[in-house]
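Report on the structure given below.
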Amino acid sequence: MIRILFFAGLRERLHTAELELPADHIATAGDIITDLSQRGPAWAEAFSGGAPVMVAINQTMARPASKVVDGDEVAFFPPVTGG
Amino acid sequence: MIRILFFAGLRERLHTAELELPADHIATAGDIITDLSQRGPAWAEAFSGGAPVMVAINQTMARPASKVVDGDEVAFFPPVTGG
Amino acid sequence: MIRIQHEDFDPGAEQQALEAEASGLGAVCTFTGLVRNHGDRQDVEGLFLEHYPGMTERALEAVVADAFGRWDLLSCRIIHRVGLLQLGERIVFVGVASAHRQDAFAACEFVMDALKVSAPFWKKELSAEGDHWVTQKDGDRDRAQRWSPKIDAGTP
Amino acid sequence: MIRIQHEDFDPGAEQQALEAEASGLGAVCTFTGLVRNHGDRQDVEGLFLEHYPGMTERALEAVVADAFGRWDLLSCRIIHRVGLLQLGERIVFVGVASAHRQDAFAACEFVMDALKVSAPFWKKELSAEGDHWVTQKDGDRDRAQRWSPKIDAGTP
């Protein structure tokens with residue numbers, strides 16, 4: 001399984017903080033985005049590119065093309081605004 | 001009279017913290033330097049240009065060409081090293 | 001020293017620790033960020049700060065390691081608060097000790113710039129008009145990109 | 001707020017004052033300089049700091065006015081000690097409050113750079129080898145000259 005986390009505005013828009021996806025058919029973070037986008041209008045909209053979404057794999061900044069394997073923790077969130 | 005002050009290494013080399021000069025024949029800070037340079041070897045050496053000397057007139061940084069008038073306070077000192 | 005915490009901190013105590021860590025050698029530069037009464041919106045009454053536990057610490061450790069690689073530093077302390085913060089409260093503290101004042105200034109500013117774009121914190125402004133997730137500023141991205149080699153702020 | 005004094009000061013109290021002066025508006029950057037165990041010579045045991053009473057205050061007031069003209073500042077505090085200082089003791093404190101972090105950083109560094117070349121303080125290093133008046137560093141002059149318009153450091 002792949003553990004998927006959502007933060008901040010994205011978490012609120014999707015009403016989801018966390019979910020799990022089977023690792024089958026998933027090779028990259030982009031494959032996860034494709035899968036999530038099919039879960040309904042809010043999901044399609046969130047990942048449509050209208051608002052930027054960042055991805056981290058195992059708590060390190062990554063890109064849609066970055067490889068994902070079974071057991072990874074993949075997080076999606078808006079650009080950060082701390083400090 | 002013109003009040004003349006010396007600070008730090010310059011004060012120590014000249015063994016003088018303060019002196020007064022009549023304002024006659026003095027139009028610029030450079031005229032004071034010419035006068036002081038004639039007071040002996042230590043004075044000639046101090047103002048020979050070997051070590052940089054700064055000048056302030058009435059507590060504002062100035063130049064040898066800056067005008068000096070009766071009643072002014074003129075200070076000579078090495079480049080500053082605070083902070 | 002990196003701390004993520006709900007509770008407030010004492011910048012004076014952090015300053016003392018930095019001076020002790022700089023013992024006999026120099027210079028301490030600190031930055032403290034406070035909750036502002038205007039941000040994306042006017043009349044901000046407070047902030048809610050969310051973070052990604054685990055990744056936040058890793059990201060800040062990477063920023064500190066990067067700073068130590070760029071400058072001659074003796075110590076770096078980062079404190080970032082999370083949760084609900086009132087107007088005027090401290091949000092973030094960065095303190096750097098170095099033998100050289102230019103390194104202390106540069107590293108402190110670098111850590112703030114890098115933290116702003118690479119540490120997973122998100123601010124929500126709370127006001128009578130309603131709550132609003134703050135959007136990342138182009139200026140913050142631009143400031144982070146001034147540093148060479150560039151800070152990795154991820155790619156949307 | 002400009003203070004020239006023999007006695008030590010409390011950076012924590014200065015930080016609190018700056019935060020109060022920045023009330024609801026942002027960012028505080030501070031710099032603290034400590035007596036180093038090496039300067040022009042090795043094995044420095046302490047410093048003697050001389051100044052030009054009257055001109056020092058005027059020069060620092062001019063630096064602060066210059067900083068307020070360059071950036072959007074809320075407050076600037078400078079404390080500089082004079083007299084005999086032991087190794088590790090605080091020499092100088094500069095604290096700046098601003099609504100903007102970049103202004104706070106830039107102004108704090110500017111004030112230190114300008115102070116270094118335009119405020120009439122002189123350091124004498126005390127060591128077992130003998131006493132030694134510190135000479136002004138080209139680096140300090142160069143750093144002061146980076147700012148545009150340039151800082152008036154006088155002409156030798």
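Naming: A, B, ... by sequence-line order, numbering from 1 per chain.
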query = Counting N and O atoms only, with roles assigned by atom type, does the side chain of Trp122(C) sit under 3.5 Å from a partner on the main chain of Phe7(A), one being a donor and the other an acceptor?
reply = no

query = For Ala59(C), is it the side chain, the backbone, both or neither that has a heavy atom under 4.5 Å from a heavy atom of chain A?
reply = neither

inquiry  = I need the residue from Ala62(C), Gly33(C), Gly54(C) with the largest number of non-hydrogen atom pairs under 4.5 Å to chain A.
reply    = Gly54(C)

request  = Look up atom CD in Glu73(A) and atom OH in Tyr52(C), then write down how far apart they are to the nearest 0.5 Å.
outcome  = 3.5 Å

message = Can you confirm whether more than 12 heavy atoms, excluding those of Arg63(A), are under 6.0 Å from its CZ atom?
response = no

ask   = Taking the side chain from His80(C) and the backbone from Gly83(A), do they hold a donor-acceptor pair closer than 3.5 Å?
value = yes

note = Highest number of heavy-atom pairs under 4.5 Å with chain A among Val134(C), Val82(C), Asp152(C) belongs to Val134(C)

request  = Would you mind checking which part of Thr56(C) comes under 4.5 Å of any heavy atom in chain A, side chain (CB onward), backbone (N, CA, C, O), both or neither?
outcome  = neither

key: Which portion of Ala153(C) sits near chain A, non-hydrogen atoms under 4.5 angstrom   = backbone

ask   = Looking only at atom types and distance, does a side-chain atom of Thr81(A) sit under 3.5 Å from a main-chain N or O of Thr135(C), one as donor and one as acceptor?
value = no

ask   = What part of Lys137(C) lies closer than 4.5 angstrom to a heavy atom of chain A: side chain, backbone, both or neither?
value = neither

query = Any sub-3.5 Å donor-acceptor pair from Lys124(C)'s side-chain atoms to Ala8(A)'s backbone N or O?
reply = no

ask   = Judged by atom type as modelled, is there a donor-acceptor pair below 3.5 Å linking the side chain of Gln136(C) to the main-chain atoms of Pro79(A)?
value = no

message = Would you compute the distance between atom CE of Met61(A) and atom CE of Met55(C) and round it to the nearest 0.5 angstrom?
response = 4.5 Å

query = Does CD belonging to Glu45(A) count more than 12 external heavy atoms closer than 6.0 Å?
reply = no

query = For Val80(A) and Lys116(C), what are the C-alpha separation, side-chain angles and deciding distance, and is it a side chain to side chain contact (heavy atoms under 4.5 Å, CB included)?
reply = CA-CA 7 Å; Val80(A) 305; Lys116(C) 280 256 178 195; over 6 Å; no

